[in-house]
Amino acid sequence: MSDKAPAPPRDFTYINSVRRKPSEYEAVNLHCQPDARGGWDIDPGLVVENNRIAWELSSTKLDHPDWYAFRDPAQLWQRSYVKLQAEQERSIERTCEDAIAGGALADLDETWAREILGGHYRVWSFVEWGLFRAAFTSARETLSDSLSAVFTFEAFDRLRHAQDVVWWMLALEKAVPGFSDAGAKEQWLEAEHYQPMRRMVEEIMHATDDWAEVAVVVNLVFDPIVGEVALSRLVGRLAGPHGDSVTPMIVRTAERDRRRNQAWTRELVRMLTADDVPAAAENSAVIEEWLAKWTPLAIAAAEPLATVYERIPKTTGSFREILDAAVNAQAEMVGSLALKGARS
Amino acid sequence: MAPSIIDAHDRIKDFDWTPSYSTETGRRYPTKFKIPGKTKDPFKTLVREYLSMEQEKDDRQYGGLEDALARGGAAKKSDRGWMEAVKLVLPMLVYAEYAAMKNMSQLVDTVDNPELRQGYLTQGLDEQRHTNQEMYLMRYLAKHAEDPEGFDRGMKVRGTNAFGRASRLCFENFFVNDPIEAAITLSAVTETAYTNPLFVPLTEVAAYNGDNVTPGVFLSIQSDEARHMANGYSTLAAVLSVDENLPHVQEAFDRGFWNQHVFLDPLLGGLYMYFAPQKINYLDKWQEWIADDWAGGYVAKLERFGLKLPKYFAHAAERMQWLPHTAGMLAAATWPFHWWRFPGPTEADMEWFENEFPGWHAIYGEFWAGYNALTDPKAGMIPLQALPSPPPLCKTCMMPCAFPHPGINSVRVVPHNGKPLAFCSYPCEEIFNQNPTRYLSMRAFDDIFHGVGLDEYIIKNGLLRADGKTLVAQPHVRDDLPMWTLDDIRRCNVEIIDPLQVPPPAAAASSNGSAPHGEA
């Protein structure tokens, strides 16, 4: 019999990976956050004066026996995230530079530039700002490191786009005589057609303390309906006919982020409602409750944007068609989640 | 022509608005500090520049790691003792980074200033970066180090280790707190005072000991810290501009300095001076980075706001001479409990200690001679058994109450709600009394495992190697000595004792010089 000792594991031994060995994403993210249930870390740690502890199971109405089971379908960690976004930013910068240097902005429709870019698109930067704040404070409360990472990246997505809008406005001011985004903040704060949208953003930012609800509302309700209508359809898709080749490119990067954020939120819902999860039915019911509460608000936030649509010189189809398409697509996407809560 | 950064930055300062539909009742992290509306982000970092800068740094650092591997077994060329120091520190450090990230997401909620909010987010992503970098390094070493066991599970076992629990408590001060006090602790104390002695000399020690892998990662981390110090300074200057905040800031500064000193100084001193043959005198580094640069420079500049040096600073300075040596001795005395190996000092090491710290031999020489005599399992005894009683663990910092050194022990044992509690020093007792609830929920290692056999502790906490019988921890890193097994530990018949639950023999107090009720 050989006395040779068995080979050491040569990898992290504590990660419950779906594969034989943890992926790079799993290895660098998982179990950095102590378990709110105690687990290996025994107890909840220090207490703050208002009796809060580092992480609380009550931070969400949803329940799962192992929050560390969550995996971002995009498998992003800091390095791959930064690489992805740095590439997007370089593309935007070059597209913008080329458009200016090549004289493409000479074709820019004046009404489009004034009403949609300097007005409506600039207003969208405030939406992104509000959603950045909601995502980053949610990152604080999540019950695992893999969830913290997706919220942190989403916060960064939002700030990135908000800053890109501002940067593009400044570039337009320099390149297009008379262009200005002055007054956009006043519109955001006062224009009647933006108030339902602002109300919804403020309620997500300030009144929604459940981090999972923030994910569901923003990525499964707000973005598929309000983001689709206000950003993708009114700005991204209609820019081309108005001589604007830069804006669609910026919007497409935000849409890429949106798809990624929707994908991880859908994965979270799938994880929470899987058949082997003891609280699956209760989780489904809670998520359905959130969807039922927020979907009408999102539709109400998008409806008044018909006013903005009317100001666009070249459109195809009616605003109602655009809104209906977004609402139907969102309903179909939510339907595909196969929620089986008490309300179903 | 591209827009200027200044113009862009001026414009993005205007993102915030006062909500009118939903009042800020959802504010999650209340603070007693008044925060003025006008504060500045001195770095004016735009996302686009940030991404480009960080990608470049990532490519350099991860590329370096891959190159080091390509050059052939870089991780195996490091001094084996030094690798054990890296094994010890990485799981602790990861929590510091992670806790710092949580601090940033709290500040975004608390500080009403769009400039700083954007700075906090970029710092948040930095902290995610550092977390991922350190995890990547740990896995790299699990794959490539000469002795990988411990690197593979440090993250799991840190929560049940006495020093791992002390590290958690230390770094939890970065976010489980009033968010502004947490920010003062994180930025004004730890990042400004301690990241330099942590990341800069540590890379020197690593390089001296043949480690070409760790320095690249640590220096890349440190390159983000200047921005963090600036964030911290802006936050601190903002709260100090409101007169009524001053007493709160001073208290936060006092507590923050002490709760970092009690853990970080023993840790860093232990890392730099024990484990590896090539050493750096940590006291010199402390004098340079903490006393001269931080206390004499940074804090002195804040005096114009009325802020004074933390009131415990002089006491900390007095303890520094022996603090790391006592920590080294205590960690070594309990070697079988850990996820790292602890090599005893050689004759040359001991000569270095005596030269650098005259009087060292008189205090610690006997212990280390005994330690080295017990490295072979045939000795049948672990150093802990030579102590009349293990020291109690401090309720505030969870470090053993044995500082500054066994002959001058400042342990204080006081009753609290009918139970005895131990404090390692008068500042820890004072800080506990300011807010007992804060510390009562976290149980010390010896309270949790009182009465558990050492063999059982080792099995339950996964501290055995792949063969299922040899300990991960060892009192040496030599190939010519046998490794300790579970059977060797069983022969020692050691049980974990909480000395506050079982009164130590009367002889214990006199032999270790402790004075259980008040300063000795």
Side-chain angles (χ1 to χ4, degrees), chain A residues 5-14 27-28 31-34 40-50 53-54 77-79 82-83 85-86 89 93 97 125-126 129 133 136-137 139-140 149 152 155-156 159-160 162-163 166-167 170-171 174 185 189 198-199 202-203 206-209, chain B residues 1-3 7-8 11-12 14-15 17 19 21-22 24 26 28 30 46-48 51-52 54-55 58 62 94 98 102 105-106 108-109 118 121 124-125 128-129 131-132 135-136 139 142-143 148-149 152-153 155-156 159-160 168-169 172 176-177 435 437-439 441-443 448 465-467:
Chain A
R10 290 280 175 201
D11 207 337
F12 291 161
T13 48
Y14 53 85
V28 300
H31 299 291
C32 295
Q33 176 172 318
W40 307 332
D41 303 294
I42 308 288
D43 53 24
L46 292 175
V47 173
V48 191
E49 280 176 23
N50 54 5
I53 51 177
W77 53 295
Q78 174 271 339
R79 188 187 186 192
V82 162
K83 184 169 183 271
Q85 295 297 25
E89 284 299 295
E93 194 167 14
E97 271 174 21
S125 68
F126 297 103
W129 175 262
R133 286 190 48 191
F136 200 38
T137 44
R140 159 68 185 83
T152 302
F156 207 85
L159 184 62
R160 182 187 72 80
Q163 287 194 5
V166 168
W167 196 84
L170 282 164
K174 286 188 179 294
K185 188 166 188 180
L189 294 174
R198 181 158 75 87
R199 175 190 292 270
E202 287 184 10
E203 284 179 357
H206 296 305
T208 312
D209 276 342
Chain B
M1 198 172 79
D7 288 347
R11 198 72 62 93
I12 62 173
D14 200 30
F15 276 140
W17 70 92
Y21 295 107
S22 177
E24 303 212 10
R28 299 159 177 90
L46 289 177
V47 158
R48 183 171 299 173
L51 288 165
S52 170
E54 296 299 312
Q55 188 190 14
D58 284 348
Y62 289 105
V94 164
Y98 198 78
K102 300 295 135 187
S105 35
Q106 291 184 169
V108 161
D109 196 55
Q118 292 173 74
L121 178 64
L125 194 55
Q128 176 84 50
R129 175 175 190 260
T131 301
N132 289 164
M135 293 299 294
Y136 188 99
R139 190 189 199 200
K143 285 175 187 288
E149 299 217 46
D152 60 341
R153 75 198 78 173
M155 292 298 290
K156 181 173 180 180
T160 46
R168 176 177 176 187
L169 198 149
E172 212 140 278
V176 189
N177 213 335
N435 186 1
T437 312
R438 176 169 176 74
Y439 302 95
S441 68
M442 195 159 169
R443 293 168 67 200
I448 297 164
R465 290 173 180 259
D467 65 3

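The analysis underlying the following values was restricted to heavy atoms, covering all of them including side chains, and did not include hydrogens, waters or symmetry mates. Please read these numbers as outputs of a predicted model, since none were measured by experiment. Below, chain A is the first sequence line, B the second, and so on; all start at residue 1.
Between chain A and the options B:Met155, B:Arg465, B:Arg168, the largest number of non-hydrogen pairs under 4.5 Å is found for B:Arg168. Listed options B:Val94, B:Asn435, B:Val176 were ranked by heavy-atom pairs under 4.5 angstrom with chain A; first place goes to B:Val176. When each of A:Glu203, A:Arg79, A:Gln85, A:Gln33 is checked for heavy-atom pairs under 4.5 Å with chain B, A:Arg79 comes out on top. The candidate from A:Val47, A:Leu159, A:Thr208 with the greatest count of non-hydrogen atom pairs under 4.5 Å with chain B is A:Val47. Between chain B and the options A:Asp43, A:Val82, A:Asp41, heavy-atom pairs under 4.5 Å are most frequent for A:Asp43. With chain B as the partner, the residue from A:Ile53, A:Thr152, A:Ile42 showing the most heavy-atom pairs under 4.5 Å is A:Ile42.
With a 4.5 Å cut-off on non-hydrogen atoms, B:Gln55 touches chain A through its backbone and its side chain both. Interface residue A:Ala7: only backbone heavy atoms are found under 4.5 Å from chain B. Contact of B:Ile448 with chain A is made through the side chain alone, with heavy-atom distances under 4.5 Å. For A:Leu189, the part lying near chain B is the side chain, with the backbone staying farther off; criterion is any non-hydrogen pair under 4.5 Å. For a residue to count as touching a neighbouring chain, one of its non-hydrogen atoms must lie under 4.5 Å from one of that chain's; by this rule A:Trp40 touches chain B with backbone and side chain alike. For B:Asn132, the parts lying under 4.5 angstrom from a heavy atom of chain A are both the backbone and the side chain. A:Val166 touches chain B through its side chain: at least one heavy atom from C-beta onward sits under 4.5 Å away, while N, CA, C and O do not. Proximity to chain B involves both the backbone and the side chain of A:Lys83, based on heavy atoms less than 4.5 angstrom apart. Both the backbone and the side chain of B:Val108 come within contact range of chain A, each with at least one heavy atom under 4.5 Å from a heavy atom of that chain. Of the atoms belonging to B:Phe15, heavy atoms from both backbone and side chain fall under 4.5 Å from chain A.
From B:Arg28, atom CZ reaches atom OG1 of A:Thr137 across 4.0 Å, with rounding to the nearest 0.5 Å. Going from atom CG of B:Leu121 over to atom CZ of A:Arg133 covers 12.0 Å, rounded to the nearest 0.5 Å. Once rounded to the nearest 0.5 Å, the distance linking CZ of A:Phe136 with CD of B:Gln106 reads 10.0 Å. Atom CH2 of A:Trp129 and atom CG of B:Asp14 lie 10.5 Å apart (nearest 0.5 Å).
Under the 4.5 Å side-chain criterion, counting only non-hydrogen atoms from C-beta, A:Phe156 is in contact with B:Leu51. Considering only heavy atoms from C-beta on, B:Arg153 stays 4.5 Å or farther from A:Phe12 through its side chain. The closest side-chain heavy-atom distance from A:Glu93 to B:Arg48 is below 4.5 Å. The closest side-chain heavy-atom distance from A:Pro44 to B:Met442 is not below 4.5 Å.
The main-chain N or O of A:Pro6 is never found under 3.5 Å from a side-chain atom of B:Asp467 such that the two would form a donor-acceptor pair. No donor-acceptor pair under 3.5 Å is formed between the side chain of B:Lys156 and the backbone N or O of A:His31.
In plain terms, the two heavy atoms of A:Ala149 and B:Gln128 that are nearest each other are CA-OE1, 3.8 Å. Taking every heavy atom of both residues into account, A:His206 and B:Ser22 meet most closely at CB-OG, 3.5 Å. Pairing each heavy atom of A:Val48 with each of B:Arg438, the nearest pair is CA-NH1, 4.4 Å.
The residues A:Asp11 and B:Arg139 are annotated as salt-bridged, a charged nitrogen and a carboxylate oxygen being separated by less than 4.0 angstrom. Salt-bridge formation is not detected for the pair B:Asp152/A:Arg10: no Lys NZ or Arg NE/NH1/NH2 atom is positioned less than 4.0 Å from an Asp or Glu carboxylate oxygen.
Note on ring orientation: taking the six-membered ring where Trp is involved, the planes of A:Trp77 and B:Tyr62 are perpendicular (angle over 60°, cut-offs 30° and 60°).
Checking A:Gln78 against B:Glu54 by side-chain atom types alone, no donor-acceptor pair falls below 3.5 Å.
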